[in-house]
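Every heavy atom of this structure was used, including side-chain atoms; hydrogens, water molecules and symmetry mates were not.
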Amino acid sequence: FIDTELRGAAMRLHTTKQAPKEGKVQAPEPSVPYEPTHEDYVQFLVDSQHVYQALEDIVNEHEELSMFRNTGLERVQPLEV
């Protein structure tokens, strides 16, 4: 099933640039390259802070995840500065 039906369906979604031999879709050419703005970067930091806070809350609420506490990889506090 995975090697036949799903592979065929997946290859129909790939572009010829992604899968030159089996890709079925022509890749659209981007008209203008994306240029991130200052506001885009600030929004990325805000979104990241929410994600990291949720992750840290989950780790702190569940004892089985205690190995992930105080690892030095915490991100919320640096983003709050």
Set of side chain to side chain donor-acceptor pair (under 3.5 Å) partners for [X], sequence neighbours left out:
| X | value |
| --- | --- |
| Thr37 | Asp40 |
| Asp57 | Gln53 |
| Gln43 | Asp47 |

| Apart from Phe68 itself, what residues make up its hydrophobic cluster when side-chain heavy atoms of I, L, V, M, F, W and Y under 4.5 Å apart count as a link, directly or indirectly? |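 Ile58, Val59, Leu65, Met67, listed by chain and number.
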| Hydrophobic cluster of Leu45, others only, ordered by chain and residue number, side-chain cut-off 4.5 Å |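 Besides Leu45, the hydrophobic cluster comprises Tyr41, Phe44, Tyr52, Val76, Leu79, listed by chain and residue number.
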| Inter- and intrachain pairs under salt bridge (Lys or Arg N to Asp or Glu O under 4.0 Å), touching residues 68-81, at least two apart |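 Checked against salt bridge (Lys or Arg N to Asp or Glu O under 4.0 Å) - neighbours excluded - the pairs reaching residues 68-81 are Glu63-Arg69.
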